[in-house]
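One structure below.
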Amino acid sequence: DARVLATRYPAELLGYYLRKLGPVQAGSRRQYAEQAHYIADIKRVMLDHLGDKLAWAGLKAKLKSESKRLPAFRDELNKVLPNVFEEIRR
């Protein structure tokens, strides 16, 4: 179970999720939905298991920049993590 792994091996699980996420680029809604779920998992590990708010903030900023012209990606991400970019100052 991923929750047990996150408790015992959070850094390794985070690395796995980051590899599975891959680059955010033009793709299908299905791909975006899958990436959104990996981002939710990444957030959980970064914040709940590693307590790394700075890394999460950095990843959010990167995702925001990379997805500027990908409204479908942002839509899928918003379904999983509503308002994920709201706290990032413009």
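Only this structure's heavy atoms are used, side chains among them; waters, hydrogens and symmetry mates stay out. From a predicted model like this one, the values you see are computed outputs, not experimental measurements.
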Next on the checklist: Looking at Y32 and G27, would you say the former's side chain and the latter's main chain have a donor-acceptor pair under 3.5 Å?
Outcome noted: yes
Checklist entry - So how far is it from D41 CG to L13 CG, rounded to the nearest 0.5 Å? => result 7.5 Å
Checklist entry - Okay, side chain of N78, backbone of N83: is any donor-acceptor separation there less than 3.5 Å? => result yes
Item to check | Worked check of side-chain contact (heavy atoms from CB on, under 4.5 Å) between K43 and Y17 | outcome: CA-CA 10 Å; K43 177 184 178 185; Y17 287 144; over 6 Å; no
Checklist outcome for this item: Shortest non-hydrogen pair, L59 vs M46, comes out as CD2-CE, 4.3 Å
Checklist outcome for this item: Closest heavy-atom pair, L47 versus D52, reported as atoms and distance to 0.1 Å, is CD2-O, 4.1 Å
Next on the checklist: Just so I know, are the side chains of Y38 and L18 near enough to count as touching, which here means a heavy-atom distance under 4.5 Å?
Outcome noted: no
Next on the checklist: Listing request: all salt bridge (charged side-chain N to carboxylate O under 4.0 Å, His left out) pairs with a residue in residues 18-40, at least two apart in sequence or in separate chains.
Outcome noted: R29-D75, R29-E76
Checklist entry - Looking at CG of L21 and CG of L14, how far apart are the two atoms once the value is rounded to the nearest 0.5 Å? => result 10.5 Å
Checklist entry - How close do A11 and L50 get, heavy atom to heavy atom, and via which atoms? => result N-CD2, 4.3 Å
Item to check | CG on L77 to NZ on K60, rounded to 0.5 Å | outcome: 10.5 Å
Checklist entry - Of all heavy-atom pairs between H49 and T7, which one has the smallest distance, and what is that distance? => result CE1-OG1, 3.7 Å
Scan the side chains in residues 66-73 for donor-acceptor partners under 3.5 Å anywhere in the protein, sequence neighbours excluded, and list what turns up.
unit_1 : atom_1 : unit_2 : atom_2 : d
S67    : OG     : L63    : O      : 2.7
S67    : OG     : R74    : NE     : 2.9

